[in-house]
Structures are given as structure tokens and as C-alpha cells.
Asker: 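Below is the structure I would like to discuss, written out as C-alpha cells.
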Amino acid sequence: MTAELFAAVDLIAAKRDKHELTDAQIDWFVDAYVRNVIAEEQMSAMAMAILLNGMNRREIVRWTKAYIDSGETMNWSTLGRPTADKHSTGGVGDKITLPLAPLVAACGVSVPQLSGRGLGHTGGTLDKLEAIKGWRASLSNTEMFEVLKSTGAVICAASQTLAPADRRIYALRDVTGTVESIPLISASIMSKKIAEGTGALVLDVKVGSGAFMKTVEQARELATTMVGIGNDAGVTTRALLTAMDVPLGRTAGNALEVQESIDVLAGGGPADVVELTVTLAREMLEASGAGGLKDPAQALADGSAMDVWRAMITAQGGDLSVALPMAKETHNVVADASGYLTKLDALSVGMASWRLGAGRARKEDSVQFGAGIEWHVGHGEKVEKGQELFTLHTDEPARFESALEVLTQGYEIGSESEISQRLPLIIDRIV
Ligand code: URA
């Protein structure tokens, strides 16, 4: 047995006592955990010490590097095209990746997008795409390269070998109250994106009730930290802070969101989804040095983004000729008064959609593809008494009651002067 460089308990105590960890200490701590020299409870204690006492920029960059070094890194240089990716910190109705990846590819930049599944009230891109019959989330590296080469975009699950330290530590944080740490969130997200090998990265950091970050200040700190890590690692990185006080678009739920994404690719769709998709696409093109090749609004209008979408989905086994799954049961909520929709809270809509079966409570759970919510009236819009406000979808009608319980807390009808203040869709840009 080789002697270990450090004792785990000394490093935990150092962070507990607000000391900086050296690069060698960080490298060892993460590596020893992966080698099972450090116990789960020791990593949990370290995560809590980091959550409570923070890390400086150098420590965060090194912790991120240690995650990356725990696994393989990908490289797309043989593609012969610039690459760009986007990461969203997650929100309600956030289906932007679906139209965005083919849109950016249609403008000349390849998009190697590794995505995740949803947990809690925010949906996951892979769950949404799996609503399409036959579509496969798991690809080998060779398959991923081939789809990317032939269509310009690929969206798939990260392999087990990409930042495996993060995979284990994230699962541990989930059950030890240590998710909400800016250094740990930043390292977790950025290690996967840097290991994925993208040349440019745009972060969509959501702010508001339906997001991880509830305030603009917290979101700005997270965005600034992640932009710094990315640029230090040679990935041109920028971030937009965007609104998640109100849900995005008009639907939340897997198949419902796929349909809304297809509407956007067909040149329609809700204005906020289109605006955010086009804004993020322009950022990705510019960050990858390919701004000006073709404008994203043009690629939506001329159908070229839709062509890439079809090719990308088909290359991963998806059959777009088969209708999307629909829930067995629906329930309409109608307005009990005339006036304006003065409040539409993202978290309440997300929770209601989750309770209808669109999301999962534990990683092992499955999702209902047809479940979710449509809102027919947007925040601040006029409402007539008796008008349909929401349609709830689920396979299990017993779920309506608990979904309605949370949804009714999330909207109000009142006079025009009572319309709640909302965040601008694009709040800030951090480069
Ligand atoms: N998403 C991640 O991948 N990691 C985190 O820590 C939080 C969100």
C-alpha cells in the first residue's frame, strides 16, 4: 500500500476553520475520494465545509480541474468547424436547448450538447426528447461524433467516464444539503462542459422563483464564477442572466415542450421562447468566432434549422412521423372573474407539472411523457370570466387534486394596476 500524501480529516478541518486548500491538497482530496480512500461521510463533511466557508477563485478552478482529471476529455478538432454549447441552470418550461442546438448548427457552428435528466420541478432535456418515439439518449463517443459530423448537432447523455468525480459528489450533495454552494455548483457544471471539449460556451443562468438562484445578485455571482472558470480553461465563455420568475413559453411537460420547440423551428411559437433562443444562438455564434455567418432569425424563417432538427433526431433513432404521446386525461381550469392575469409564478407551475407526473422525485423514477401543463393566458394578459386559463395533462387523474393545490397558489386575476412586476427576459450579460 502506498502512503497517502494527506489525511482527509486534516483537510476537512482546514476548510472548517476557513483556511485555503492548496492545489496539491485539492488534487489529492478529489482523487483519493475517487479511489475510495476517502469515505462518503468525509466528502460530505468537506462539501458542507465548502458550502459554509466558500472557496477562492484559485481553489474553485483547481477543484474543477480535479473533477475533469478524474475522467476522459473529448476533442472535436477533427470536425473542421467551430463548436459551441449552452448550459442552462434549469427552469420551468425551459425547452430552449431543443430548438437552439439545430439552430446554431444551421448557422455554421457545431453543437456537441451533453444534457441531463430532470430532478424536482425543473425538466430535463433528455426526458423531453425521449418523448419522441425511438429517440436514443445514450450514444457511444463514436456515434456522438458521427451524428455531430453528419448533422451539425447532437444532444445526448454524458458518458459515465466524463467527470466521474462530479457524478458521485453531486449525488452525495443531493442528500446532504450541500447542493446550494456556488463553488460546488460552478465546479460541477463547468467540469462537465470543459471535459465535453466545446470551444465556446454560453451559460443561461436563470433567476427567480422557478430557478436555483432566487436573486439577481446570487445569479450574477454564479455566472461570474463560471465565466471565469471557463475562460481560464481556454473555453470562450459568457453568460446571460435570464428571467425565471414566470415560466417560459406556454407549456411545461415533456411532449408538450417538444411540440412547442417544433413550433419555434417552424417559425412560430411563443415570443419569449423565440427571443431567448435567437439571443442565445447569437451569443454562441459570436463566442465561437462565427458571428455573421448566418443570422439565427433567418435560419428559423427559411426552415434550415428545422432541417437540422429532423436530421439530428432521425440520426438518433427518433421517428418524427409518429405522433407525440398524449396524456390519457385532461382537466381545464377556467377564470372565475374577468380582469388580468396579475401573477403567474414559475415555481408553482413547475411543481404542478411535476405533481402531474412530468418530473421525478428520485433519480430512479420514470416520467410520464404526456403529463404537464399548458397555460393559455400569459402573465399580464387580459382574461374574461369563464375563459380557459390552464389545461392539466396526466395519465393518472388522482394527481389533479394535488397539482391544482399548488397551481392555484401560483396565479391571480385582478385589475391592470395589480399586475406584478416581472423581471426582464434578458436581465444581464456577463463576459
Ligand atoms: N447542475 C449540475 O450539474 N451541478 C450542480 O451542482 C447543480 C446543477
Side-chain angles (χ1 to χ4, degrees), residues 30 33 43-44 46-52 54-55 59-68 70-71 73-74 85-92 94 96-97 112-128 137 155-196 198 201-208 210-214 218-230 233 235 237 239-242 244 347 350 354 359-360 362-363:
V30 173
Y33 174 68
M43 182 53 88
S44 306
M46 178 62 96
M48 185 58 84
I50 293 169
L51 180 134
L52 295 173
M55 278 180 150
E59 289 175 292
I60 301 172
V61 167
R62 196 70 183 195
W63 191 268
T64 308
K65 183 176 177 312
Y67 281 2
I68 297 169
S70 71
T73 52
M74 305 179 96
D85 192 7
K86 180 232 33 165
H87 177 84
S88 160
T89 56
V92 179
D94 183 4
I96 301 293
T97 292
Q113 168 104 43
L114 297 176
S115 290
R117 294 177 195 285
L119 191 63
H121 72 276
T122 61
T125 297
L126 302 181
D127 296 325
K128 293 172 200 182
I155 302 173
C156 62
S159 76
Q160 302 283 335
T161 51
L162 202 95
D166 172 63
R167 188 176 288 266
R168 278 182 60 191
I169 294 169
Y170 192 21
L172 206 56
R173 287 166 56 214
D174 205 26
V175 293
T176 56
T178 50
V179 169
E180 294 87 350
S181 149
I182 287 182
L184 293 177
I185 296 173
S186 305
S188 171
I189 292 172
M190 294 306 294
S191 60
K192 287 174 282 200
K193 290 294 165 185
I194 296 166
E196 173 198 272
T198 184
L201 177 65
V202 175
L203 300 160
D204 180 5
V205 180
K206 302 272 179 217
V207 188
F212 249 129
M213 298 290 135
K214 307 293 179 199
Q218 286 173 325
R220 188 171 284 120
E221 189 185 339
L222 177 64
T224 307
T225 305
M226 291 197 290
V227 167
I229 297 173
V235 179
T237 307
L240 296 181
L241 306 190
T242 73
M244 190 33 69
L347 180 60
W354 178 65
R360 51 172 73 76
R362 292 169 309 149
K363 279 206 292 291

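Order of appearance sets the numbers: ligands from 1, and atoms from 1 within every ligand.
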Asker: Looking only at side-chain N and O atoms, does T198 offer a donor or acceptor that is under 3.5 Å from a partner on K193?
Answerer: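 Their side chains do not contain a donor-acceptor pair, so the 3.5 Å distance test is not met.
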Asker: Which is closest to atom 2 (C) of ligand 1 by heavy-atom distance: A163, S188, A158?
Answerer: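 Checking each option, the heavy atom nearest atom 2 (C) of ligand 1 is found in S188.
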Asker: Given side chains that start at C-beta, do those of I185 and Y170 come closer than 4.5 Å, heavy atoms only?
Answerer: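 Side-chain contact under 4.5 Å: no.
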Asker: State whether the side chain of E196 and the backbone N or O of Q113 hold a donor-acceptor pair below 3.5 Å, judged by distance alone.
Answerer: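 No, E196 side chain to Q113 backbone: no donor-acceptor pair under 3.5 Å.
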Asker: Tell me, which protein residue and heavy-atom name are nearest atom 3 (O) of ligand 1, and how many Å apart are they?
Answerer: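 Going atom by atom, the protein heavy atom closest to atom 3 (O) of ligand 1 ends up being K192 NZ, 2.5 Å.
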Asker: Taking C-beta and beyond as the side chain, do L203 and T89 meet within less than 4.5 Å on heavy atoms?
Answerer: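 Contact flag for L203/T89 side chains = no.
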Asker: If we ignore hydrogens and angles and just use 3.5 Å, is the side chain of W354 paired with the main-chain N or O of R360 as donor and acceptor?
Answerer: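 Yes, the answer is positive, given that a donor and an acceptor are paired below the 3.5 Å cut-off.
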Asker: Considering only the protein, which heavy-atom contact is closest to atom 7 (C) of ligand 1, and what is its distance?
Answerer: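 Sorting protein heavy atoms by distance from atom 7 (C) of ligand 1 puts Y170 OH, 3.4 Å first.
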Asker: Looking at ligand 1, is there an atom of it that comes within less than 4.0 Å of some heavy atom belonging to I189?
Answerer: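 Yes.
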Asker: Near I185, which atoms of ligand 1 are under 4.0 Å from a heavy atom of that residue?
Answerer: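 In order of number, 6 (O), 7 (C).
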Asker: Under 3.5 Å between any N/O of R173 and any N/O of ligand 1: does that happen in this structure?
Answerer: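 Yes: some nitrogen or oxygen of R173 is under 3.5 Å from one in ligand 1.
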